[in-house]
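Remarks on the structure that follows.
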There are 4 protein chains.
Amino acid sequence: MVEFRVDRGGGLPAYLQLVQQAREALRLGWLRPGDKLPTVREVVATSGVNPNTVLKAYRELEFAGLVEARQGAGTFVKAALGSVEPEVMAELREQLGDWVRTARTAGLEDEDIHALVGVVLTGENNNG
Amino acid sequence: MVEFRVDRGGGLPAYLQLVQQAREALRLGWLRPGDKLPTVREVVATSGVNPNTVLKAYRELEFAGLVEARQGAGTFVKAALGSVEPEVMAELREQLGDWVRTARTAGLEDEDIHALVGVVLTGENNNG
Amino acid sequence: MVEFRVDRGGGLPAYLQLVQQAREALRLGWLRPGDKLPTVREVVATSGVNPNTVLKAYRELEFAGLVEARQGAGTFVKAALGSVEPEVMAELREQLGDWVRTARTAGLEDEDIHALVGVVLTGENNNG
Amino acid sequence: MVEFRVDRGGGLPAYLQLVQQAREALRLGWLRPGDKLPTVREVVATSGVNPNTVLKAYRELEFAGLVEARQGAGTFVKAALGSVEPEVMAELREQLGDWVRTARTAGLEDEDIHALVGVVLTGENNNG
DNA sequence: GTGGTCTAGACCACC
DNA sequence: GTGGTCTAGACCACT
């Protein structure tokens, strides 16, 4: 079961954090079509946000066609995001893990790594 | 000179995007102590946000001790973030570029990649 | 409940006056951890400044780690400043009151007294 | 000779700091009618502000009737502020010094002391 | 009804 | 022409 966490104080709206974490879980295959999302009450209990905030996030996911709320039953995953085979994903993950270890050894912090990934993905070139 | 871009509509507050981009530039060494940040008016011109939004971002950076605003002169970088040698950074970047190419070939989209990086960094293990 | 007042026309920015009054209240124990600050709207009503000015002051206090803004709930004192016992404080206050009376009898105005306190505190010696 | 100091970064306008320091010097008798204020150049050299800023402060003092600018000669004190005898002032200062020592021993910091003085002067009563 | 974000625009302090 | 302060007011996130 996916578990949500909310970090207050970072400026990022709580409901957005929930939406992004759900999307991430879908991306990585932690959530697959048919899976049940935690109930609003469970999310409230584990993350400390207001029920309405959770509802808003779930509504947003439903609007995006990713989940489906079934009255009295809960909220369920409707569509998948990404379709990479688990084995391929695992392989990529291992390779990335190696690289991350190298980067950390070189002195990069997590924030540096995120920044570098962003740059490489957008293909910006500030190598001069 | 660093150039800021603001993507409205993503829910992420404009001033936060500016703060993060500045931090990223510091992280990657694009901005070094003593460097001048674009003036408020320049950012307004290139990104389309309101001057006060830029001021708020700059103030946040100042609070964090990263930059220093000098009345009538501009805003300048005060402290560095991270101190990895450019050559090392370039090497890491190349390796990461290779991995990204592999990942994309396997069908991962940018969002998948970001999610995977996040997971690997936090060391979460949902393989089981 | 602490009540803020803003004196326009003294050149001192309104938001700074609010910050200083809050700090003063914390210093003197009028505000203690957990206490609720007046809402933005209340301050607006009692002091006549703009809501954004109050927000700026509250944000500054939050940056300083003194208060905590809880969305939809209000702004609350997080940390104490100084920790002198109320009785000790009262005793000191009484002694100071005596001295002030003497000083005023001698012809000193409030501004003189403030100046003299500043000098004594910084230990400057221009008796020369 | 009075020496001005300017503390940037406190939010308080530089020219106001100069004005207040001049007033304080007049209050405490460090500057007496006929005395010469430091030249603009000297202030610039010792405080690091812009000449125009000093000029603005001196203009303000002149407007208040406290000083007088004599072309080519400098700026001179015209009027006194406060008229307490030096011996009385010294006596008060000594008494205040005793009280300050007591307060500091009790754990009060300078900021607490300033706050307390402000409260006693305005006669506010929050003793409950 | 709470605080937070953003805008448009005026005016000030400073270089 | 630089950053800083403040206003008026709209709209959003959250309790």
Side-chain angles (χ1 to χ4, degrees), chain A residues 6 8-19 44 48-57 60, chain B residues 6 8 11-18 36-44 47-60 62 67-76, chain C residues 6 8 11-18 36-44 47-62 67-76, chain D residues 6 8-19 44 47-57 60:
Chain A
V6 171
R8 312 309 299 278
L12 225 167
Y15 86 98
L16 261 186
Q17 296 184 36
L18 295 178
V19 170
V44 166
V49 299
N50 188 280
N52 288 328
T53 304
V54 184
L55 277 174
K56 178 163 187 179
E60 196 121 328
Chain B
V6 170
R8 311 311 301 280
L12 224 170
Y15 85 99
L16 263 186
Q17 295 184 36
L18 295 177
K36 186 172 181 295
L37 264 64
T39 67
V40 172
R41 289 163 177 78
E42 283 169 348
V43 178
V44 167
S47 72
V49 300
N50 185 280
N52 285 331
T53 304
V54 184
L55 275 174
K56 183 169 184 178
Y58 277 19
R59 167 177 291 262
E60 197 123 328
E62 199 172 3
V67 307
E68 181 186 21
R70 301 187 201 138
Q71 277 259 35
T75 304
F76 299 83
Chain C
V6 171
R8 311 309 302 279
L12 223 170
Y15 86 98
L16 262 186
Q17 295 183 37
L18 295 177
K36 185 171 181 295
L37 264 63
T39 68
V40 171
R41 288 163 176 79
E42 283 169 349
V43 178
V44 166
S47 72
V49 299
N50 185 279
N52 287 331
T53 303
V54 183
L55 275 175
K56 183 169 184 179
Y58 277 19
R59 168 177 291 263
E60 196 121 331
L61 290 168
E62 199 172 4
V67 307
E68 181 184 23
R70 300 188 201 138
Q71 277 260 36
T75 303
F76 299 82
Chain D
V6 170
R8 311 310 298 276
L12 224 168
Y15 85 99
L16 261 186
Q17 296 184 36
L18 295 177
V19 169
V44 166
S47 70
V49 299
N50 187 281
N52 288 329
T53 305
V54 184
L55 276 173
K56 178 162 186 179
E60 198 122 327

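All values below come from the heavy atoms of this structure, side chains included, with hydrogens, waters and symmetry mates left out. Chain naming here is simple, since letters A, B, ... match the order of the sequence lines and numbering starts at 1 in each. All values reported here derive from a predicted model rather than from experimental measurement.
- Between the CZ atom of B:F76 and the P atom of E:dC15 there is a distance of 12 Å, given to the nearest Å.
- Evaluated for a side-chain contact (heavy atoms from CB on, under 4.5 Å) with C:E42, the options C:V44, C:V40, C:T39 yield exactly one hit, C:T39.
- Summary of the strand contacts: C:T39 and B:R70 both lie near DNA chain E, and taking for each the nucleotide with the nearest heavy atom, the more 5' one is attributed to C:T39.
- In this structure a side-chain-to-backbone donor-acceptor pair under 3.5 Å is missing from C:E68 to C:T75.
- Straight-line distance from the NZ atom of B:K36 to the P atom of F:dG1: 13 Å, rounded to whole Å.
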A correct dot-bracket answer for DNA chain F, with pairs being Watson-Crick or G-U at under 3.5 Å, [ ] for crossing pairs and | for inter-strand pairs, is ||||||||||||||.
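- For the residue pair D:R8 and D:V49, the shortest heavy atom distance occurs at NH1-CG1, 4.4 Å.
- When side chains are defined from C-beta on, B:R70 does not count as touching B:K36, because their heavy atoms never get closer than 4.5 Å.
- A:E60 meets the salt bridge (charged side-chain N to carboxylate O under 4.0 Å, His left out) test with no other residue; sequence neighbours excluded.
- Heavy atoms only, all atoms of each residue included: B:V54 and B:L18 are closest at CA-CD1, 4.0 Å.
- One interatomic measurement links the two molecules: CD of B:E62 to P of F:dG4, which rounds to 6 Å at whole-angstrom precision.
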Across nucleotides 5-13 of chain E, 5' to 3', mark each nucleotide with B, S or - according to how protein heavy atoms within less than 4.0 Å reach it. BBBBB---B
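- In terms of heavy atoms, C:P38 sits closest to C:Y58 at O-OH, 2.6 Å.
- Closest approach of A:A14 to A:T53, counting heavy atoms only: CB-CG2, 3.8 Å.
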